[in-house]
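Reckoned from all heavy atoms, side chains included, excluding hydrogens, waters and symmetry mates. Note on naming: letters A, B, ... go to the chains in the order of the sequence lines (proteins, then strands), and numbering restarts at 1 for each one. It should be emphasised that the depicted structure is a prediction, and the values quoted were computed from it without experimental measurement.
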Number of protein chains: 4
Amino acid sequence: MQEEKLSRREREKLRHRRQMLITALELFSEKGYHNVSMHEIAKRAEFAIGTLYKFFKNKEDLYKALMMEKAEEHHRVLMGVLSEENDVLTVIEDYIAAKARLFADNLATLRLYFAETRGASFNIKAGLDQDIRKLYDKFILRLASVLETGVRRKVFRKMDPYYMAVGLEGLTNAFLFCWLEDPEQHPYGANVLVIRDMFLKGVLAK
Amino acid sequence: MQEEKLSRREREKLRHRRQMLITALELFSEKGYHNVSMHEIAKRAEFAIGTLYKFFKNKEDLYKALMMEKAEEHHRVLMGVLSEENDVLTVIEDYIAAKARLFADNLATLRLYFAETRGASFNIKAGLDQDIRKLYDKFILRLASVLETGVRRKVFRKMDPYYMAVGLEGLTNAFLFCWLEDPEQHPYGANVLVIRDMFLKGVLAK
Amino acid sequence: MQEEKLSRREREKLRHRRQMLITALELFSEKGYHNVSMHEIAKRAEFAIGTLYKFFKNKEDLYKALMMEKAEEHHRVLMGVLSEENDVLTVIEDYIAAKARLFADNLATLRLYFAETRGASFNIKAGLDQDIRKLYDKFILRLASVLETGVRRKVFRKMDPYYMAVGLEGLTNAFLFCWLEDPEQHPYGANVLVIRDMFLKGVLAK
Amino acid sequence: MQEEKLSRREREKLRHRRQMLITALELFSEKGYHNVSMHEIAKRAEFAIGTLYKFFKNKEDLYKALMMEKAEEHHRVLMGVLSEENDVLTVIEDYIAAKARLFADNLATLRLYFAETRGASFNIKAGLDQDIRKLYDKFILRLASVLETGVRRKVFRKMDPYYMAVGLEGLTNAFLFCWLEDPEQHPYGANVLVIRDMFLKGVLAK
DNA sequence: CATGAATGAGGGTTCATTCAT
DNA sequence: AATGAATGAACCCTCATTCAT
């Protein structure tokens, strides 16, 4: 898309940047942010250390770039699903499926993100987490608005749609982590069904 | 219990140990495991660095001790609640309340745990996480067995009680984090009610 | 000898001191002076660290005491042999045998001494080495005086007896180390014979 | 030989390495391996500590490199002398002279080696000492083979040439240390003559 | 006298970052 | 633009020594 208008030089640069980010992700998720050195990244990516610093002004910057790129991708995908014109229940189901796919494809990134950013771990939080939070808040509001439609159409009970969204997130996260940690014992299909069921019908007998 | 029979010397030692753990927790949750130095901990706790190392053979050991102690406390509290002889719904409600209290009292530890241990962050995971996982697995099974009772008594629908437990965990976590991050906007009472409602009745209109 | 006039208290003290020295020697020769800590010595000797410091004012002092004790013992034994009233050749033979026995019995100490003291290793040299040197010089002079008798009696060629002593020392050391490093390949008997032969007759054919 | 084809960069690197080794030797022989810190070496050599670690992966490695380099040099020189085509007695004399020169030029290294490596001092022994031993064993065998020639040509008595070599080593070491410790009292010339004399003719009157 | 908890200087080592080439 | 040698602050940890009990 954007690349087509770039000179060869610039296309190369972008390729290099991408290579560095991919390598960094690999290493970070193998060993954790603090246990990977810039030299290690440079070496594995087959660049000189100086070149790495031409692209990212320091280690934190590299980490942020990595996370933001992934966050934006996730955001794009999920917002896409939530924007499709379908009946609410189908949208929710599609959303769960899409989220599951993202989880499976980006296990490394997710683990890294939870490991490094969610705590008061370090000041990256200040910058990075906020940006990602902003995206996530936007997304939750979008999800809430979808659910609100459902409420308006009487598909759902009269509830605060924001809280419904929070609840849905909690359920999907719990089951998807469950699945990812032990896919054999907790197969994808079963999990998805239970998420839908619990979300829609709760657990009461009646 | 045990403390009463200790000599003054040993009671002092225990106090010192406790002080070090408290200080370490403070610092770790302010800045993250990797951004806190042993010197820093020693200084803030007002001990010499050597003294710190007399109590914990290295930094990782200190961290593990910290986490295990907290995990065991949580475990004890929650298992206690789940063991009370009450009708299932009351137990669940008590459990949510107890968990909320633990969250509120131990926000720092929780953040630290999620930030440092859950990812592939470092090899502490190998030892520590397993021990904590074992506790957590035990707990989930206990919760499932409570829920199973509910199923047997026809309070709940016929579902896999393990998945019910997973779902309940997901919901409570989501709402409690929500509450802790912005207690004014998402007050405790509202959250607890929504957890109970969503868990029990789901979101469907009927 | 001296001990009989000491009170029980003082005899105990001496026994403790001896125990500490023995333990220290064990550890030093297992691992080298710098790789053994005072705590380690105290623990293995079953004393508190403070008690160790009551007996030796610091680590260097302990080391010096150890070495001086051994040096004096060696000195006593070898000087004894050199003082016996026998013909020169017998004295020399006895001396070689006695030295061999000392080597064998004190391999650990010797290794330690060569390892730690002979180089400009550390300032122990200043104090300790000088004292030991003094003993050794005395001994060499005694050996020279025995050899001088041999010269006077025309048993030996007309040579500087001091240099004869140096030469004898060189030969015995070389062969005894040889023996100690690989007793099977270079058995004691063979070595002693060769020392005597080379010292007395040299290597020329005629 | 190899150096001439190196780039300026690489020649500089080699010079730096050499400078570090020289400085390390200076310090080690002034104070002993364990009493010299890497910081001290770096400072005296006028490099940053990190640079030192670029060249030697740790302190032990630096020490080993130092010793091996010297050992190889000695080996080369002495083997060279022993390989010259001369009558046996001349070769022996040349050998003594060459060894004396090496002793004089490398007093620091020798002292260090005897002080740090020969004892059970530390585990460098494991790796380093073995390598040096191998060189030394090769050398002793070479010396023995020279002496064997002497035996075959009836220059020497019928003796085990290996033991002759050991004896020669013992004598040279004793007298050369003697000379180095007090060159005024025990001048070079006198020592060399006595070595030769004692080795060849022994001390008996006849 | 004996004890052992406490001390803190100092050691080995790593690694993010810079800058001359 | 790319390189990689050089930097040095900062880290984790050890251990000789002291001193209150």
Side-chain angles (χ1 to χ4, degrees), chain A residues 9-10 12-13 16 33-43 46-63, chain B residues 7-10 12-13 16-17 34-43 45-62, chain C residues 9-10 12-13 16 34-43 46-63, chain D residues 7-10 12-13 16-17 33-43 45-62:
Chain A
R9 257 293 182 46
E10 279 171 320
E12 277 249 299
K13 236 178 104 171
H16 289 179
Y33 180 81
H34 284 283
N35 301 305
V36 171
S37 73
M38 291 297 268
H39 269 99
E40 215 171 340
I41 298 170
K43 192 164 189 190
E46 296 181 293
F47 291 99
I49 183 71
T51 312
L52 190 57
Y53 273 91
K54 281 281 190 302
F55 281 81
F56 306 96
K57 79 172 194 288
N58 53 38
K59 195 179 174 186
E60 195 176 311
D61 191 51
L62 168 59
Y63 178 76
Chain B
S7 68
R8 195 184 52 66
R9 257 288 178 58
E10 280 170 320
E12 275 246 300
K13 242 180 109 168
H16 289 177
R17 191 189 137 93
H34 285 284
N35 302 298
V36 172
S37 76
M38 291 297 268
H39 267 101
E40 212 171 343
I41 297 170
K43 194 166 188 188
E46 295 181 293
F47 289 100
I49 180 73
T51 311
L52 191 56
Y53 276 93
K54 277 280 190 311
F55 283 80
F56 307 97
K57 80 172 194 292
N58 54 40
K59 195 179 173 185
E60 194 176 312
D61 190 52
L62 168 57
Chain C
R9 257 290 179 51
E10 280 171 318
E12 277 248 300
K13 237 179 104 171
H16 288 181
H34 284 283
N35 301 304
V36 171
S37 74
M38 290 297 268
H39 268 101
E40 215 171 341
I41 297 169
K43 193 165 190 192
E46 295 181 291
F47 291 99
I49 181 72
T51 311
L52 190 57
Y53 273 91
K54 280 280 190 301
F55 281 80
F56 306 96
K57 79 173 198 289
N58 55 38
K59 195 180 173 185
E60 197 177 310
D61 191 50
L62 168 59
Y63 178 75
Chain D
S7 69
R8 197 183 53 63
R9 256 297 180 49
E10 278 169 320
E12 275 246 300
K13 244 180 109 168
H16 290 178
R17 192 188 136 92
Y33 180 82
H34 285 286
N35 301 299
V36 171
S37 76
M38 291 296 268
H39 270 100
E40 214 171 341
I41 297 170
K43 194 165 187 189
E46 295 182 293
F47 289 100
I49 181 71
T51 311
L52 192 55
Y53 274 92
K54 279 279 189 312
F55 282 80
F56 306 97
K57 80 175 195 290
N58 55 38
K59 195 180 173 186
E60 194 176 313
D61 191 52
L62 169 56

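For the atom pair CG (D:D61) and OH (D:Y53), the distance works out to 10.5 Å, reported to the nearest 0.5 Å. One distance of note links OG1 of B:T51 with CZ of B:R17; it measures 14.5 Å at 0.5 Å rounding. Considering CE of D:M38 and CG of D:N58, their distance stands at 7.0 Å, rounded to 0.5 Å.
Atom CG in B:N58 sits roughly 17 Å away from atom P in F:dC11 (whole-Å rounding). Straight-line distance from the CZ atom of C:F56 to the P atom of F:dA16: 15 Å, rounded to whole Å. In this structure, the NZ atom of A:K57 is 15 Å from the C1' atom of E:dT18, given to the nearest Å. The separation between D:K43 atom NZ and E:dG11 atom C1' is 15 Å, rounded to whole Å. With rounding to whole Å, C:I41 atom CD1 is found 11 Å from F:dT17 atom P. Counting to the nearest Å, the C1' atom of F:dT17 and the CG atom of C:D61 are 14 Å from each other. Taking atom NE2 of residue C:H34 and atom P of nucleotide E:dG10, one finds them 16 Å apart after rounding to whole Å. To the nearest angstrom, P of F:dA16 lies 10 Å from CG of C:N35.
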Item checked: Sugar-phosphate or base contact per nucleotide [nucleotides 4-9 of chain E; S, B, -; heavy atom under 4.0 Å] -> BBBBBB
Note to self: Assess the residue pair D:N35 and C:H34 against the criterion (side chain to side chain contact (heavy atoms under 4.5 Å, CB included)); give the C-alpha distance rounded to whole Å, side-chain angles, the decisive distance to 0.1 Å, and a yes or no.
What the structure shows: CA-CA 9 Å; D:N35 301 299; C:H34 284 283; 3.5 Å; yes
Next item on the list: Run the numbers on B:K59 and B:I41 for side chain to side chain contact (heavy atoms under 4.5 Å, CB included), then give the verdict.
Entry: CA-CA 10 Å; B:K59 195 179 173 185; B:I41 297 170; 5.6 Å; no
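Evaluation of the side-chain hydrogen bond (donor to acceptor under 3.5 Å, both in side chains) rule for D:E12 yields D:R15 as partners, not counting sequence neighbours. With sequence neighbours left out, the ring pair (Phe, Tyr, Trp, His ring centres under 6.0 Å) criterion links B:F56 to no other residue. With sequence neighbours excluded, the residues that form a ring pair (Phe, Tyr, Trp, His ring centres under 6.0 Å) with A:F47 are A:H16. A:E40 pairs by the side-chain hydrogen bond (donor to acceptor under 3.5 Å, both in side chains) definition with A:K31, not counting sequence neighbours.
Helical stems of DNA chain E (runs of at least 3 Watson-Crick or G-U pairs, donor-acceptor distances under 3.5 Å) are listed by first residue: E:2-21 with F:2-21.
Nearest-nucleotide positions on DNA chain E place D:M38 closer to the 5' end than the other of D:M38 and A:Y53.
Nearest nucleotide to the side chain of B:K59, out of F:dC12, E:dG11, F:dA16: F:dC12.
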